[in-house]
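Read through the structure below, which is laid out as structure tokens, and then see the notes.
Heavy-atom basis, side chains included; hydrogens, waters and symmetry copies ignored. Counting convention: from 1, in listed order, for ligands and their atoms alike.
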Amino acid sequence: MTEFRAFRVEKEGDTTSHSIVEQSVSDLPEGDLLIKVQYSSVNYKDAMSAKGVPGVTRQYPHTPGIDAAGVIIESTDAAFEAGDEVIVIGFDLGMNTPGGYGEIIRVPAAWATPLPTSMTTRDSMIIGTAGFTAALCVEKLEQMGAAPEDGPVVVSGASGGVGSVAVALLAQSGYDVIASSGKADKMDYLKSLGATSVIGREELATENSRPLLSTNYAHGIDTVGGEILSNIVKSLRYGGSVAICGLVASPNFTTTVLPFILRGVNILGIDSVELPIVSKNQIWNRLATGWKISSLDAMTVEIGLEGISDAVDAIFAGQVSGRTLVVH
Ligand code: NDP
């Protein structure tokens with residue numbers, strides 16, 4: 001198989017256009033592993049790449065897709081052989097290296113995780129970068145000593161990709177989860193994932209000049225930044241932590257030093273992209289075993305390459321809930 005289909009983005013000035021094109025393996029960059037991609041997914045960063053938002057993709061035409069899972073066709077690396085199933089997320093995949101919206105990719109072996117035996121390639125891409133990032137957030141909270149008996153954990157942007165997996169993973173791990181969502185019609189969905197209660201986005205999004213607020217939350221996972229993050233920091237209990245990974249509302253937030261020096265709270269930074277492959281492999285193995293998520297199908301919408309353009313529009317319109325799986 002040397003010809004394959006890819007979702008391609010062109011950019012002229014500030015305008016992007018999308019099409020599905022035929023490509024050849026010879027169009028792909030050098031790399032150790034040639035992979036037949038079975039599944040990819042739609043993440044916030046894919047929407048940024050597909051819409052030409054600066055900071056993700058420098059050169060167009062381009063094939064986005066920061067997630068890919070499939071079967072190795074050819075390997076020049078001794079650690080892998082043809083027929084092996086692998087997951088590739090992060091590093092440069094889908095940013096400036098042709099990504100998972102092509103039916104075939106070629107990448108360095110150092111980017112590939114062997115698919116854990118108790119996980120399917122489909123489930124790995126329902127989780128995708130978004131769900132993997134949610135798992136990183138939970139792991140970092142745990143490393144700071146968080147435990148279910150500490151009290152409620154708030155999750156912002158809860159109906160989104162990171163948020164949905166964070167809610168499910170925390171609930172499965174025994175935490176009392178407070179889901180913050182802008183979608184009034186997603187209350188039942190969030191409760192089905194395990195949220196104990198759902199609060200409206202405006203409850204945390206309102207600007208408040210007080211440096212400290214009532215201590216409503218033991219810990220938090222913030223996917224949106226901005227005023228919501230500011231208010232979570234002010235509302236953490238003594239010794240509480242918030243893992244922060246996203247900027248959907250804003251890359252900025254304001255705080256005084258008071259939550260840190262009077263309540264000893266912690267802000268934990270999360271990056272899934274450059275996380276070393278050994279650490280990535282450990283998280284994937286945890287997601288395949290002790291952290292196996294039972295509600296993956298409940299949070300999934302399936303599309304083909306033809307559906308990607310609408311899916312990225314939905315992300316920027318804030319309309320997405322759960323995970324969008326791209327099936328090749
Ligand atoms: P989604 O688009 O799936 O979800 C984002 C959610 O944020 C929406 O569903 C909505 O949830 C909420 N939201 C939308 N617009 C606004 C707004 N204006 N103000 C406040 N909340 C809003 O994105 P993902 O979950 O995939 O990604 C979330 C963030 O995490 C992104 O910024 C992404 O770039 C980042 N990210 C970072 C990673 C890292 O390694 N650090 C890796 C993966 C993602 P609701 O309606 O329920 O409030």
Side-chain angles (χ1 to χ4, degrees), residues 40-51 53 55-56 64-67 89-91 93-95 125-140 154-169 177-191 193 195 198-207 221-232 242-253 267-276 279-280 283 299-301 311-326:
S40 181
S41 83
V42 184
N43 293 277
Y44 197 83
K45 198 186 261 180
D46 295 314
M48 293 172 83
S49 175
K51 289 291 185 186
V53 176
V56 177
I66 63 170
D67 287 342
I89 67 162
F91 302 110
L93 187 71
M95 292 180 64
M125 288 293 100
I126 295 176
I127 296 168
T129 291
F132 180 90
T133 302
L136 278 182
C137 290
V138 176
E139 186 181 71
K140 207 143 187 188
V154 64
V155 177
S156 64
S159 75
V162 179
S164 292
V165 178
V167 168
L169 205 47
V177 184
I178 300 181
S180 160
S181 177
K183 301 186 189 81
D185 61 338
K186 290 296 166 190
M187 190 174 285
D188 289 345
Y189 165 73
L190 289 164
K191 288 197 167 167
L193 297 183
V198 182
I199 59 173
R201 185 189 296 163
E202 66 290 345
E203 204 168 305
L204 280 169
T206 311
E207 191 175 341
I221 292 180
D222 177 63
T223 72
V224 302
E227 208 56 53
I228 291 177
L229 174 57
S230 303
N231 285 328
I232 291 175
V242 56
I244 64 175
C245 66
L247 42 57
V248 178
S250 169
N252 303 316
F253 72 103
I267 289 185
L268 312 176
I270 302 296
D271 169 55
S272 63
V273 180
E274 294 299 331
L275 185 76
S279 304
K280 281 193 171 94
I283 295 280
M299 60 177 84
T300 305
V301 172
V312 300
D313 284 344
I315 285 204
F316 280 145
Q319 290 167 348
V320 169
S321 70
R323 298 279 300 133
T324 304
L325 181 72
V326 176

Regarding ligand 1, does G182 bring an N or O atom to under 3.5 Å of one of the ligand's N or O atoms? yes

Evaluate G322 for polar contact with ligand 1, using N/O atom pairs at a separation under 3.5 Å. no

Check: of E202, M48, R323, R201, min heavy-atom distance to atom 22 (C) of ligand 1 comes from R201

Do K186 and S181 have side-chain N/O donor and acceptor atoms under 3.5 Å apart? no

Do the non-hydrogen side-chain atoms of I232 and F253 ever get within less than 4.5 Å of each other? no

S272 N/O to ligand 1 N/O under 3.5 Å: yes

Heavy-atom proximity to atom 16 (C) of ligand 1 ranks first, among V248, V273, L275, V198, for V248

Consider every N or O of L247 and every N or O of ligand 1, then say whether any pair is closer than 3.5 Å. yes

Among all protein heavy atoms in this structure, tell me which lies nearest to atom 8 (C) of ligand 1, with the distance rounded to 0.1 Å. K183 NZ, 3.8 Å

Do the side chains of S41 and R323 get nearer than 4.5 Å, heavy atoms only? yes

Hey, are the side chains of V224 and R201 touching, using non-hydrogen atoms and a 4.5 Å cut-off? no

Going by distance only, is there an N or O of A130 that falls short of 3.5 Å from an N or O of ligand 1? no

In the protein, what heavy atom is nearest to atom 34 (O) of ligand 1, and what distance, to one decimal place, separates them? Y44 CD2, 3.6 Å

Do K183 and Y189 meet the cation-pi criteria used here (NZ or CZ under 6.0 Å from the six-membered ring centre, within 45° of the axis)? no

Any N or O of S181 closer than 3.5 Å to N or O of ligand 1: yes

Listed partners of S40 passing side chain to side chain donor-acceptor pair (under 3.5 Å), at least two apart: none

Nearest-neighbour protein heavy atom for atom 30 (O) of ligand 1, which is reported as residue plus atom name and distance: G246 CA, 3.5 Å

Ranked by distance from atom 19 (N) of ligand 1, the top protein heavy atom is A249 CB, 3.5 Å

Nearest neighbour in protein (non-hydrogen) for atom 42 (C) of ligand 1: T133 OG1, 3.0 Å

min-distance protein heavy atom vs atom 37 (C) of ligand 1 -> C245 O, 3.0 Å

Please work out which of V162, L204, T324 has its closest non-hydrogen atom nearest to atom 25 (O) of ligand 1. V162

To which protein heavy atom is atom 3 (O) of ligand 1 closest, and what is the distance rounded to 0.1 Å? G161 N, 2.9 Å

Does a side-chain heavy-atom distance below 4.5 Å link F316 with V312? no

Output yes when the distance from some N or O of ligand 1 to some N or O of I270 is under 3.5 Å, and no in every other case. yes

Residues forming a salt bridge (Lys or Arg N to Asp or Glu O under 4.0 Å) with D222, sequence neighbours excluded: none

